Amino acid sequence: RSRILISIGESFGSADKFQKINQMLSSSDWSLKRSLDGGSAPKPLKRL
Amino acid sequence: AQECEDLKAERQRRQERIKQKQSQLQELIVQQIAFKNLVQRNREVEQQSKRSPSANTIIQLPFIIINTSKKTIIDCSISNDKFEYLFNFDSMFEIHDDVEVLKRLGLALGLESGRCSAEQMKIATSLVSKALQPYVTEMAQGSVN
Amino acid sequence: RFQELQKEVSELTEAEEKLDELINKCSLQLRLLTEDTHNKKLGYVRCQDLRNTVDPPDQIIMVIRAPAETAMQVSEPSEGYQISLKSSKGPIDVFLCPED
């Protein structure tokens, strides 16, 4: 649930895979929460 | 009565599958028309300017774009062989694929939203095979799943 | 009632088979179209085109060109806005679309 995994690099994939991602991103109140608690930028969760 | 119930369920399942397949076919038609228009446009521009654009000003398909506010801080880690990337954004972003870009450039002639002028519909139907033309007309007149 | 339903279902079966055939035909046409050498060469957009498709236009636009079957993973925002890309067929190209 906490991640969306898709395959890219092909021509003309199915259109709706990015719609789902953009809906997930725009529906989040994460930035709202952060702005409310004045949090600093998130620490990178992991590095290569 | 039981057999009627089974048939009703079967009818429901088939109607849903047909609806989903109509959407899939419409998307394929839109992609075909958008790509043909893109190639046509670029061919005309190159013929007018009598040269191909320099490589660093064009983006070859397929690609995807990520757009975000200029204020966003992006933390990026890249593996040495460039096979792996990790991006952390401190603000929201959007992801779109090349088809979405072509649609926004108007290269699908408004078919994707069912808002097509008579002229655009004429061009669109001329770009597909006969078997697909009824679907293009339907989409142009607004019945887009 | 039963015969009526039977007739409806068989008509739907026919309609679905016709759609399957058209989808296969259209997918093949699209693949041939995008794989044609000339079309491949003319299948590009300009940086200005990208600027024209984002609103507002003065945003950061990152372009990603990846080999087929590259895995893209986008995290749920509650875990931070994170994207990871992993290719198994070659290097991934990422660049920013210039302002002007």
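The model shown is predicted, which means the values in this text are computed figures rather than measured ones. Proteins get letters first, then strands, A, B, ... in listed order; numbering begins at 1 in each. Hydrogens, waters and symmetry mates are skipped; everything else that's a heavy atom, side chains included, is used.
In C:E35, the CD atom is crowded: over 12 heavy atoms of neighbouring residues, nucleotides or ligands sit closer than 6.0 Å.
For chain A, the nearby part of C:I64 is the side chain; its heavy atoms alone come within less than 4.5 Å. At a 4.5 Å heavy-atom cutoff, the contact between A:I8 and chain C is made by backbone and side-chain atoms alike. Residue C:T34 touches chain A through its side chain alone, counting heavy-atom pairs closer than 4.5 Å.
Distance check, rounded to the nearest 0.5 Å: CD1 of A:I21 to CD of C:E76 gives 12.0 Å. To the nearest 0.5 angstrom, C:S75 atom OG is 9.5 Å from A:L25 atom CG.
Within the 4.5 Å cutoff, side-chain heavy atoms of A:M24 are placed close to those of C:V74.
Comparing C:P67, C:A71, C:G43 by how many heavy-atom pairs each has under 4.5 Å with chain A, the most go to C:P67.
Remark: C:E16 engages B:R14, B:R17, B:I18, B:K21, C:D20 in a side chain to side chain contact (heavy atoms under 4.5 Å, CB included) (not counting sequence neighbours). Judged as a side chain to side chain contact (heavy atoms under 4.5 Å, CB included), and not counting sequence neighbours, the contacts of C:E69 are A:S7, A:E10, C:K89.
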